[in-house]
Amino acid sequence: MPTSCSACGTSPAALRRPKTGHALCRPCFLAAFEEETHQAIVAGQLFQPGETVAIGASGGKDSTVLAHLLQLLNQRHGYGLHLVLLSVDEGIAGYRDASLAAVRRHQCRSGLPLHVVSYRQLYGWSMDSIARHLGPRNNCTFCGVFRRQALDRGALLLGADKIATGHNADDMAETVLMNFLRGDVGRLRRGAGAGSAGGEGAVPRCKPLRHAYEKEIVLYAYFQGLDYFSTECVYAPQAYRGYARALLKDLEAIRPSAVADLCHSGERLSLRPDLRLPARGACQRCGYVASQPLCKACVLLEGLDRGLPKLGIGKHQRLRDKLRDGQPLTQEELKRLGAPGENEGELPKEQETQMEPGVKGADKEPWGGWELRGPRGLDF
Ligand code: SF4
Ligand code: ZN
């Protein structure tokens, strides 16, 4: 005899909830998932009536479910929100173009407005051109930094009050684990929070699905018949996050509450009051939030534009200082910063057209030899 739904007691159960272990029928699972998301929004006071909310839409399951739920709950509970889909095109052939097609299909179905910002427009570089220049490693460092800023710039362009992202409980647990493994205290402090406050070019963020298990998001998308894109990015196998994800899966196999436990640890983590963290200011070049004179995006971009793609990665402060002070770098130092050898590594075509004459080859110009450039203006 089939198990009955533990909520309504009449219909046969269609699933056992990964989060609670309850056997539920399809309608009761959908209702429970929607109500829990609503409660998370209300309890966290994530939105105020009249706000414009930019939903970070990648075409993947999390953001597709988030966009669907926010539209549904906005109507059902009268939040009074103006919802907009905001996508970032990193320029990854065979991956982002296909996932953006899924976003466009969702736009057609939902009727929500959609705005797309691209790395090519903002930074003059696509991820594919960065990867050609940088090699297989560290691409996600560039991509993550650029995406964070791209979402903010897109949201500002739309006049959005908030950015809502589809991060789920598994993402939050991975982030806590990853930051512990890296000893990244600054990020640990904000990793498992409900969002961020904004300021200095950053728009406040919230994560309405941060308590939702990834497995339940997949189930919800399946039962609602949502159309999403599920192929992994071509650069993902090199990402450090992948190792944290694998470790979390192993932990979960031994202790099913590992995801919730790690999220809880991240939320409860408190730092010693006398611990000094970098002060938050504004980037001297682009005005975006930064804890150094230049924001991370501007430093990474500087390295790319100079043909020294590793300038902003790792512990190269001494070499950055040398460049800034106009001191020449040795061939060995240039190599460490990823400069191409004598007969290799032409800059990607799309980039060559934007460089000032004579800057190809970092040994020709010191750090301050030509005007530092920030992310491109938003004149589109
Ligand atoms: Fe960007 Fe890395 Fe994610 Fe690919 S896997 S979209 S390169 S952050
Ligand atoms: Zn900057």
Side-chain angles (χ1 to χ4, degrees), residues 56-63 86-103 116-120 122-153 156 165-168 170-171 174-175 178 187 199-202 228-246 278 280-306 309 311-313 320 324 367 371-378:
S58 68
K61 62 183 185 323
D62 302 310
S63 63
L86 174 59
S87 295
V88 177
D89 181 0
E90 298 94 342
I92 303 173
Y95 168 68
R96 187 54 81 211
D97 39 7
S99 70
L100 282 175
V103 175
V116 183
V117 288
S118 77
Y119 284 6
R120 185 77 181 79
L122 287 172
Y123 309 112
W125 291 81
S126 66
M127 268 317 295
D128 283 341
S129 63
I130 292 171
R132 277 199 297 278
H133 206 43
L134 184 68
R137 299 191 53 182
N138 294 313
N139 287 296
C140 295
T141 302
F142 281 81
C143 193
V145 170
F146 285 173
R147 187 189 302 107
R148 181 165 189 87
Q149 198 173 114
L151 269 178
D152 281 321
R153 289 176 181 273
L156 285 173
T165 58
H167 292 96
N168 60 43
D170 297 61
D171 296 328
E174 278 165 28
T175 303
M178 201 163 62
R187 286 211 175 91
E200 272 90 29
Y228 64 87
F229 179 77
S230 56
T231 300
E232 194 177 53
C233 169
V234 290
Y235 304 117
Q238 297 291 335
Y240 189 56
R241 178 174 284 274
Y243 298 102
R245 182 168 300 161
R280 234 172 98 110
C283 171
Q284 288 174 5
R285 192 190 303 182
C286 72
Y288 191 71
V289 61
S291 54
Q292 302 287 332
L294 295 186
C295 72
K296 188 74 178 165
C298 282
V299 174
L300 291 174
L301 202 52
E302 181 70 26
L304 286 172
D305 286 350
R306 285 177 162 271
L311 185 68
I313 302 172
R320 287 197 282 272
R324 187 202 55 216
W367 175 264
E371 196 190 349
L372 299 176
R373 287 186 291 147
R376 277 59 173 170
L378 287 170

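Just follow the structure's listing: the first ligand is 1, and inside any ligand the first atom is 1.
- Applying the side chain to side chain contact (heavy atoms under 4.5 Å, CB included) test to V145 and every residue at least two apart in sequence or in another chain returns K296, A297, L300.
- Counting heavy atoms from C-beta outward, R153 and L122 have side chains that approach closer than 4.5 Å.
- Using cut-offs of 30° and 60° for the angle between ring planes, the Y119 and F146 rings count as perpendicular.
- Side-chain contact between Y240 and T141 is absent, with no heavy atoms from C-beta onward closer than 4.5 Å.
- Scanning for side-chain hydrogen bond (donor to acceptor under 3.5 Å, both in side chains) contacts around S87 gives an empty result, with sequence neighbours left out.
- Residues that satisfy the side chain to side chain contact (heavy atoms under 4.5 Å, CB included) test with A98, not counting sequence neighbours, are F229.
- For atom 1 (Fe) of ligand 1, the count of nearby protein N, O or S atoms, meaning those under 2.8 Å away, is 1.
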